[in-house]
Protein chains: 2
Amino acid sequence: MKLLEDKIKNEGRVIGTEVLKVDNFLNHQVDPALMAAMGEEFARLFENDNIDKVLTVESSGIAPAVFTALALHVPMVFARKKKSLTLVDDNYTADVYSFTKQETNHIIVDKRFISAGERILLIDDFLANGQAVEGMLQIADAAGAEVVGVGIVIEKTFQKGRAILDEKGIRVESLARIAAFEDGQVIFVN
Amino acid sequence: MKLLEDKIKNEGRVIGTEVLKVDNFLNHQVDPALMAAMGEEFARLFENDNIDKVLTVESSGIAPAVFTALALHVPMVFARKKKSLTLVDDNYTADVYSFTKQETNHIIVDKRFISAGERILLIDDFLANGQAVEGMLQIADAAGAEVVGVGIVIEKTFQKGRAILDEKGIRVESLARIAAFEDGQVIFVN
C-alpha cells in the first residue's frame, strides 16, 4: 500500500537492524485518515470472505481494526492484555510473549464475544515473531471459530512470524512488507 | 445522543447502583458504526474550536477518539498506561487512580506528540470520578497545551468527576448523561 510505505519512509525511525518506530502515526500518535484508508484496504482484500467479526489485541491494533470492521459492517473485538489471570471461567485466554519487552502477557476475550462457527479476520499492527497472532489463533480455536485470514499493517519478513503462519496455511495480507533495514533505511519487498 | 442512549438501554448491563457494563459495544466488543457516529457528533460539538489534536488514554478511548480526530482532520494521540515508570525524560507523565480496579497507573505521552500552544480536545469513554481526565489535564498543563474541552461517551453524573471539571471551568460534552441506576435500569438526565 503506497500511502503506508511513503509514510514509513518519511516518518518511520529505524533503530538498529530490527526495530522500526512508527509511534508518530500508528501506535502512539495516530493518523486517522491513514487508519481509515488501511481499514478500507483490508476490507477490500477480504470482501468476499464473509467475515463475521474482526479480532485484534489492545492497544495498537484497535485503530486499524475498527476501520476494517466499519468497512466490512461487522463488530470488532479487542483482546485485553493482562499481567495476571484471576477470573478465567468466562474468558478464552492465551499467553503472548513479547520479544521487544521480554515479558509474557495473557490475552483475554470474553466468551460472549467469539462463537463457534464465526468467520474471524485477525488484524494487528506488526507481524514480527508472530506471538500475538498465535495467541489470537489459540483463542479462536478454543471458541471453535474459523480464522479466515490475518491482516497486518507492517510485516517484518525477516522475522519468523510469516513462516509460522504460512506453515499453518493461514492467509496473510500485509499492507507493507519490509525486507530489511539497511543503513537506517527501510527496504520494502517488491 | 439518542443512538447511544438506545444502545445503553438495550445492551448495557447495570450491576448494583454504580456500575454499567458496556463491553458488548464500547470497551471490549466494539460497534464501529456507533463509534463513527459518536466521532462525528464530538466533531460537530467542537467544530468551531480550532482543535489541533485529540488526546485520549488507551484502550477504550481509542475508538471514539480516532473517529473524532478523523472528522476534525487532526491527529489523535493515546496516552499509554504503565504500571511502573522507567525512562521519563522524554515523556510527560501523570498518575491515574482507578476506583474500579483499585490501583494506580501512570499515563505517559511522548513529549514529541503534545506541544506548547496546541489546542487539545480530550476524549474518554467514561466520566465517573474524573481521574483519567485529570491525568490528561496534568499532561497538557506540563506541555503548555490548552485543553479546549472534554468529550465523554458516558457520564455518570452522580459521581464527582463532572463537578471537578465544572469547578475548573472546563467545558464537558457528554453523549449520554446518566442520573442514576434504579432497579437495574438506567435513568438518563433529561
Side-chain angles (χ1 to χ4, degrees), chain A residues 11 13 21 23-39 43 53-84 86 90-91 101 103 105 107-115 118 123, chain B residues 11 13 21 23-39 43 53-84 86 90-91 101 103 105 107-115 118 123:
Chain A
E11 300 185 26
R13 292 181 298 147
K21 295 278 275 184
D23 56 359
N24 47 347
F25 63 87
L26 181 58
N27 50 23
H28 187 12
Q29 182 166 256
V30 176
D31 178 338
L34 178 65
M35 298 302 120
M38 296 190 322
K53 197 164 278 182
V54 172
L55 177 63
T56 189
V57 176
E58 67 180 354
S59 291
S60 306
I62 293 175
V66 74
F67 283 105
T68 306
L70 180 71
L72 288 169
H73 308 286
V74 299
M76 183 270 277
V77 173
F78 61 91
R80 294 264 183 198
K81 279 182 197 156
K82 303 269 181 191
K83 282 269 180 301
S84 58
T86 45
D90 299 333
N91 299 297
K101 296 181 186 161
E103 65 181 24
N105 277 296
I107 63 170
I108 298 179
V109 176
D110 190 298
K111 288 185 178 176
R112 290 177 297 142
F113 302 138
I114 182 166
S115 304
E118 280 186 326
I123 297 285
Chain B
E11 300 184 26
R13 292 180 299 148
K21 296 278 274 183
D23 56 359
N24 46 346
F25 63 88
L26 180 58
N27 49 23
H28 187 13
Q29 181 166 258
V30 176
D31 177 339
L34 178 65
M35 298 302 119
M38 296 190 323
K53 199 163 273 183
V54 172
L55 177 63
T56 188
V57 177
E58 65 179 356
S59 289
S60 306
I62 293 175
V66 75
F67 282 106
T68 306
L70 180 72
L72 288 169
H73 308 287
V74 299
M76 182 272 275
V77 173
F78 62 90
R80 294 261 180 202
K81 278 181 198 157
K82 302 268 182 194
K83 281 271 180 298
S84 58
T86 46
D90 299 333
N91 299 297
K101 296 179 185 162
E103 66 182 22
N105 278 296
I107 63 170
I108 298 180
V109 175
D110 191 300
K111 287 183 178 176
R112 292 177 295 141
F113 301 138
I114 182 166
S115 303
E118 280 186 327
I123 296 286

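Chain letters run A, B, ... following the sequence lines, proteins first and then strands; every chain starts at 1.
Ring pair A:F113/B:H28 is perpendicular by interplanar angle, where above 60° counts as perpendicular and below 30° as parallel.
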Ignoring hydrogens and angles, write down the donor-acceptor pairs under 3.5 Å from the side chains of residues 72-80 of chain B, residues two or more places apart or on other chains.
from, atom 1, to, atom 2, distance (Å)
B:R80, NH1, B:E58, OE1, 3.2
B:R80, NH2, A:N27, O, 2.5
B:R80, NH2, A:S60, OG, 3.2

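Neither the backbone nor the side chain of A:D31 has a heavy atom closer than 4.5 Å to any heavy atom of chain B. Heavy atoms of B:A69 lying under 4.5 Å from chain A belong to its backbone as well as its side chain.
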Would you check, one step at a time, whether the test side-chain contact (heavy atoms from CB on, under 4.5 Å) holds for B:Q29 with A:R112? CA-CA 9 Å; B:Q29 181 166 258; A:R112 290 177 297 142; over 6 Å; no
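Ranked by heavy-atom pairs under 4.5 Å with chain B, the list A:A71, A:A63, A:P32 is led by A:P32. When each of A:D23, A:L34, A:L55, A:I62 is checked for heavy-atom pairs under 4.5 Å with chain B, A:D23 comes out on top. Contact tally against chain B (heavy-atom pairs below 4.5 Å) for A:V109, A:T68, A:I114: the top residue is A:V109.
For B:K81, the salt bridge (Lys or Arg N to Asp or Glu O under 4.0 Å) criterion is met by no residue, not counting sequence neighbours.
The CG atom of A:D110 sits 7.5 Å away from the NZ atom of B:K21 when rounded to the nearest 0.5 Å.
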